[in-house]
**Q** 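Mind looking over this structure? Questions follow.
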Protein chains: 2
Amino acid sequence: MAKSSPMLALDKVLHQPIRTQIAAYLASRGEATFTDLKNALALTDGNLDAHMKKLVQTGYIVSRKEGETVRPQTFYALSSEGKSAFDSYVKALSSILGIAS
Amino acid sequence: MAKSSPMLALDKVLHQPIRTQIAAYLASRGEATFTDLKNALALTDGNLDAHMKKLVQTGYIVSRKEGETVRPQTFYALSSEGKSAFDSYVKALSSILGIAS
DNA sequence: ACTATTTACTCTGAATTACAGAGTGTCAAG
DNA sequence: CTTGACACTCTGTAATTCAGAGTAAATAGT
């Protein structure tokens, strides 16, 4: 008999409590600042920084600096790679959990 | 103005790639042996053991030994606590990801 | 009957990750 | 000109994840 294929694994970068929420937040809002995220998710600075770093390193999130001479602020958003990774992640999850996407 | 309440956090025990799949597998199948899980999820022994240990410690999974004199086999299943934790987890995820549960 | 293999786990230790709090630089107010 | 807030970044520690080695019992082979 054919042995059933192993379940499709979940993206490790995205399937982590804080990062899933960052990605979801950005997916629905489009863009956010460090402080937006920090307040929305109730995180410490260091923790948020570490997760953003990983998301940027992975290529899922891009940042854009606004204001050269004034106090600069960074806006974060999902990259197109990040968007499609998030999409596939949601699909995989839906199928594993048996919910309608 | 009322500041929006922080997003509801995701259960750390359940929101981990392997454990989410173990819970989902048990939620749909009811019961499984160590080897069932190992094959279905394509895991190494040590890795599966570590995750099962955590799930049992947390109280989400209960084990039952079958066969006193014959080669014993352990069956794992979600406890009622595990079931409701999994339910809330799926609901929380659905609301965060904006999908219909 | 005795040895080898398989099954069903458990243990150990190394690598990676998650996180809090301290630190840095800039700006604005008193 | 000092104090405080904002926008991050860095560092160290604790916890987590994982593979492979180890153990014990049962079955298979000769």
**Q** Counting the atoms with a prime plus P, OP1 and OP2 as sugar-phosphate, which does A:Leu43 contact under 4.0 Å by heavy atoms, base, sugar-phosphate, or nothing?
**A**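 Nothing, no heavy atom under 4.0 Å.
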
**Q** Let's go through B:Leu48 and B:Leu41 carefully: what are the C-alpha distance in whole Å and the side-chain angles of both, what is the deciding distance for side-chain contact (heavy atoms from CB on, under 4.5 Å) to 0.1 Å, and is it a yes or a no?
**A** CA-CA 9 Å; B:Leu48 176 56; B:Leu41 307 183; 5.5 Å; no

**Q** Under a 3.5 Å distance rule, please check whether A:Asn47 uses its side chain to pair with a backbone N or O of A:Leu43 as donor and acceptor.
**A**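 No.
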
**Q** Mind grabbing the angle between the end helix axes of the helix from C:dA1-D:dT30 to C:dG30-D:dC1? Five pairs an end, 10° rounding.
**A** 0°

**Q** Within the pair A:Arg19 and C:dT17, is there a side-chain N or O less than 4.0 Å away from OP1 or OP2?
**A**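 No, because none of the side-chain N or O atoms of A:Arg19 sits under 4.0 Å from OP1 or OP2 of C:dT17.
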
**Q** Decide yes or no for A:Ile18 and A:Ile22: does some side-chain heavy atom of the first lie under 4.5 Å from some side-chain heavy atom of the second?
**A** yes

**Q** Find the distance A:Asp45:CG to C:dA22:C1' and express it as a whole number of Å.
**A** 11 Å

**Q** Can you name the salt bridge (charged side-chain N to carboxylate O under 4.0 Å, His left out) partners of A:Asp45, sequence neighbours left out?
**A**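 Counting only residues at least two positions away or on another chain, A:Asp45 forms a salt bridge (charged side-chain N to carboxylate O under 4.0 Å, His left out) with A:Lys38.
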
**Q** Atom NE2 of B:His15 to atom P of D:dT17: distance rounded to whole Å?
**A**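 The answer, rounded to whole Å, is 12 Å.
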
**Q** To the nearest Å, how far apart are B:Leu41 CG and D:dT17 C1'?
**A** 15 Å

**Q** Please report the distance, rounded to the nearest Å, between NZ in B:Lys65 and C1' in D:dA26.
**A**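 One finds 15 Å between C1' of D:dA26 and NZ of B:Lys65, rounded.
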
**Q** Please tabulate, for side-chain N and O atoms in residues 55-62 of chain A, each donor-acceptor pair with protein atoms closer than 3.5 Å (sequence neighbours left out).
**A**
{"residue": "A:Thr58", "atom": "OG1", "partner": "A:Lys54", "partner atom": "O", "Å": "2.7"}
{"residue": "A:Tyr60", "atom": "OH", "partner": "A:Asp11", "partner atom": "OD2", "Å": "2.7"}

**Q** Could you check which of C:dC9, C:dC19, D:dA19 has an atom nearest any side-chain atom of B:Thr44?
**A**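 Nearest listed nucleotide: D:dA19.
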
**Q** Starting from C1' on D:dG20, measure out to NZ on B:Lys38 and report it in whole angstrom.
**A**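 Distance check: B:Lys38 NZ to D:dG20 C1' gives 12 Å.
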
**Q** Using atom CZ of B:Phe34 as one end and atom P of D:dT23 as the other, report the distance to the nearest whole Å.
**A** 17 Å

**Q** Look at the side-chain N and O atoms of B:Thr74 and state whether any lies under 4.0 Å from the OP1 or OP2 oxygen of C:dC9.
**A**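 So the side-chain polar atoms of B:Thr74 do come within 4.0 Å of the phosphate oxygens OP1 or OP2 of C:dC9, strictly under.
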
**Q** Can a side chain N or O of B:Gln16 be found less than 4.0 Å away from OP1 or OP2 on D:dC18?
**A**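 It does, given that an N or O in the side chain of B:Gln16 lies less than 4.0 Å from OP1 or OP2 of D:dC18.
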
**Q** Donor-acceptor check, side chain of B:Arg19 to backbone of B:Val13, threshold 3.5 angstrom: yes or no?
**A**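 Flag set: sc B:Arg19 to bb B:Val13 pair under 3.5 Å.
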
**Q** Can you measure A:Leu37 atom CG to D:dC6 atom C1' for me and round it to whole angstrom units?
**A** 16 Å

**Q** How long is the line joining CG of B:Asp11 and P of D:dT16, in whole Å?
**A** 12 Å

**Q** At under 4.0 Å between heavy atoms, what does B:Thr35 touch on the DNA or RNA strands: base, sugar-phosphate, or nothing?
**A**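 Counting heavy atoms under 4.0 Å across all strands, the contact made by B:Thr35 is with sugar-phosphate only.
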
**Q** For residues 80-88 of chain A, dump all side-chain donor-acceptor pairs below 3.5 Å to protein atoms at least two apart in sequence or in another chain.
**A**
{"residue": "A:Ser84", "atom": "OG", "partner": "A:Glu81", "partner atom": "O", "Å": "3.3"}
{"residue": "A:Ser88", "atom": "OG", "partner": "A:Ser84", "partner atom": "O", "Å": "2.8"}

**Q** Pair B:Thr33, B:Asp36 - check side-chain hydrogen bond (donor to acceptor under 3.5 Å, both in side chains), show working.
**A** CA-CA 5 Å; B:Thr33 64; B:Asp36 288 342; 3.2 Å; yes

**Q** List in numerical order all residues of residues 47-61 of chain A for which some heavy atom is under 4.0 Å away from an atom belonging to DNA chain D.
**A** A:Asp49, A:Lys53

**Q** Mind checking ring pair (Phe, Tyr, Trp, His ring centres under 6.0 Å) for A:Tyr89 and listing every partner two or more places apart, or none if nothing turns up?
**A**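 Partners of A:Tyr89 by the ring pair (Phe, Tyr, Trp, His ring centres under 6.0 Å) criterion, ordered by chain and then number, come out as A:His15.
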
